[in-house]
Amino acid sequence: MHKTVFQPNEKGFYGDFGGAFIPEMLIPNIEELKACYLSILASESFQKKYQQLLADYAGRPSPLFKAERLSSKYGANIWLKREDLNHTGSHKINNTIGQILVAREMGRERIIAETGAGQHGVATATVCALMGLKCVVYMGEVDMERQAPNVARMRMLGAEVLPATSGNGTLKDATNEALRDWIANPTDTYYLIGSVVGPHPYPDMVARLQAVISSEIKIQLKEKAGTNLPDYVLACVGGGSNAAGSFYHFINDESVQLIGAEAAGLGVDSGETAASMACGDEGVIHGSKTYLMQSDDGQIIEPYSISAGLDYPGVGPLHASLKQSGRASYLPVTDREALDAAMEVTRLEGIIPALESAHALALLPRLKFNASDNVVVTISGRGDKDMDTYMKQFKL
Ligand SMILES: *Cc1c(COP(=O)(O)O)cnc(C)c1O
């Protein structure tokens with residue numbers, strides 16, 4: 001096994017992956033952020049506001065729930081980390097609370113973001129309303145149609161939602177528009193990225209802001225099970241932020257098996273997939289070297305998953321490094337497996353999960369546990385936003 005490299009070096013590389021592959025004109029913005037993010041995150045004033053908002057605004061700590069009926073079914077102690085109970089319905093608020101405080105500290109008054117399904121856009125518009133900052137969200141025009149309720153939420157929260165019309169009108173086009181905006185508005189604007197992706201220092205900053213998930217798991221498992229080290233941590237991986245946060249404080253504890261679920265869509269060989277680690281190879285996407293799905297001539301392949309939050313052709317460089325080193329493993333989960341897992345946890349535990357989170361739950365039947373194992377599954381979000389899909393799929 002290679003040495004695990006989970007702290008990026010000065011240039012933002014986790015081993016072979018990461019870095020900052022950006023146009024010349026973005027270098028000053030990125031350099032400024034790079035120079036200040038660690039000291040801001042470490043400062044007492046930041047920590048005080050961040051912890052206070054996580055507690056009183058987001059509703060943390062999120063519970064660690066012993067799922068008794070799932071535990072009986074799978075013959076292990078299954079614990080659900082309930083990020084679905086956070087304000088705005090997912091883990092994304094942990095990151096947007098943190099970054100809005102960084103932006104404020106840097107004196108920025110205008111926030112831009114990209115969004116695919118709209119979940120990150122809503123979490124960003126939420127904290128901008130809270131702080132009274134101007135918010136512009138870029139969204140592919142096709143996604144704006146598919147995710148109309150989230151567009152309405154963002155607008156109600158006071159954000160301007162601008163359509164990205166290039167390409168397929170989806171997430172990667174929205175990202176390109178956001179980068180263009182940032183180049184044009186370098187001094188007053190902060191780019192709030194929604195996952196552990198993008199140029200350094202974003203992957204590291206977002207991982208640190210989501211690491212609250214694993215720091216809580218350690219404390220809660222100690223209280224409830226007498227050990228702070230689970231045997232397994234399972235999480236779904238789109239860009240990889242909820243998984244990075246769930247894994248973060250366990251990466252150096254080799255006894256903890258870290259397993260990510262990526263979206264296989266209709267299957268890894270179907271051509272309709274978002275499994276960038278099973279199907280992709282090394283390349284550069286959104287300023288970072290990682291695994292991505294690309295054609296032989298280097299064109300990014302349009303991803304597909306039933307779950308909009310996992311529908312991304314790349315993955316954060318931390319995960320690429322964890323995969324390459326063997327420290328974590330990543331299994332592709334199909335739409336069908338995720339749907340079955342969503343129904344199962346709903347009927348056994350009374351929890352309707354987000355379709356993204358259902359991919360992590362779908363790992364349970366794939367793994368062989370010992371009866372004493374503690375298995376933590378991160379429920380990254382709630383299923384309200386997916387009811388249309390569930391209604392169609394289950395004829396409800
Ligand atoms: C956005 C989203 C994801 C995927 O993003 P990551 O950065 O991979 O965590 C997963 N689950 C939910 C509920 C989401 O909203």
Side-chain angles (χ1 to χ4, degrees), residues 62 80-96 98-99 113-124 126 139 143 147 149-150 153 170-171 174-175 192-198 202-203 205-214 233-248 259-263 274-277 286 288 290-291 303 305-320 322 328 330 333 338 341-342 345 351-362 377-387 389:
S62 66
L80 305 181
K81 182 58 174 162
R82 301 287 313 274
E83 294 300 302
D84 57 313
L85 295 178
N86 295 336
H87 180 43
T88 72
S90 81
H91 66 293
K92 288 200 167 73
I93 195 80
N94 306 328
N95 171 47
T96 58
Q99 284 197 60
E114 83 296 331
T115 196
Q119 297 299 107
H120 173 57
V122 169
T124 303
T126 297
M139 191 167 185
D143 286 340
Q147 313 288 339
N150 275 340
R153 282 187 189 100
T170 58
L171 178 60
T175 304
L192 207 163
I193 291 185
S195 188
V196 285
V197 300
Y202 283 101
M205 178 167 57
V206 177
R208 286 166 185 266
L209 293 171
Q210 292 291 0
V212 62
I213 300 174
S214 49
V233 180
L234 313 179
C236 65
V237 179
S241 67
N242 86 87
S246 303
F247 294 174
Y248 200 86
I259 307 180
E262 53 173 1
S276 41
M277 287 192 274
H286 299 144
S288 173
T290 186
Y291 291 114
S305 165
I306 194 169
S307 122
L310 303 183
D311 205 349
Y312 182 67
V315 66
L318 166 62
H319 293 292
L322 289 171
Y330 298 85
V333 168
V345 72
I351 295 170
I352 302 178
L355 262 166
E356 291 83 359
S357 320
H359 285 71
L361 289 159
V377 188
T378 298
I379 306 297
S380 54
R382 65 177 81 123
D384 306 29
K385 68 183 179 59
D386 297 312
M387 283 316 298
T389 307

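Residue indices begin at 1 and follow the sequence shown. Just follow the structure's listing: the first ligand is 1, and inside any ligand the first atom is 1.
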Hey, does the side chain of [X] reach the backbone of [Y] with a donor-acceptor pair shorter than 3.5 angstrom?
| X | Y | value |
| --- | --- | --- |
| Ser380 | His91 | no |
| Gln99 | Ile193 | yes |
| Ser90 | Lys92 | yes |
| Arg382 | Asn86 | yes |

Under 4.0 Å from a heavy atom of [X]: which atoms of ligand 1 are those, numbered in the order shown and with their elements?
| X | result |
| --- | --- |
| Ser195 | 6 (P), 7 (O) |
| Gly381 | 13 (C) |
| Gly238 | 8 (O) |
| Ala354 | 13 (C) |
| Cys236 | 10 (C) |
| Gln119 | 15 (O) |

Plane angle bin for Tyr330 and Phe247 - parallel if under 30°, tilted between 30 and 60°, otherwise perpendicular
tilted

Any luck finding a side-chain donor-acceptor pair between Glu356 and Asn242 under 3.5 Å?
no

Going by distance alone, is a donor N or O of one side chain under 3.5 Å from an acceptor N or O of the other, for Gln210 and Asn94?
yes

Identity and distance of the protein heavy atom lying nearest atom 6 (P) of ligand 1
Ser241 N, 3.3 Å

Residue and atom name of the nearest protein heavy atom (relative to atom 4 (C) of ligand 1), distance in Å to one decimal
Gly309 O, 3.3 Å

With heavy atoms only and a cut-off of under 4.0 Å, state how Lys92 meets ligand 1: side chain, backbone, both or neither.
side chain

Can you find an N or O of [X] that's nearer than 3.5 Å to an N or O of ligand 1?
| X | value |
| --- | --- |
| Ala243 | no |
| Lys385 | no |
| Gly239 | yes |

Would you say His91 contacts ligand 1, with heavy atoms under 4.0 Å as the rule?
yes

I'd like to check His120 versus Glu114 (side-chain heavy atoms, cut-off strictly below 4.5 Å). Are they in contact?
yes

Nearest heavy-atom contact between Leu310 and Cys236 is CD2-SG, 4.1 Å

May I ask which of Gly316, Ser380, Ala235 has a heavy atom nearer to atom 12 (C) of ligand 1 than the others do?
Ser380

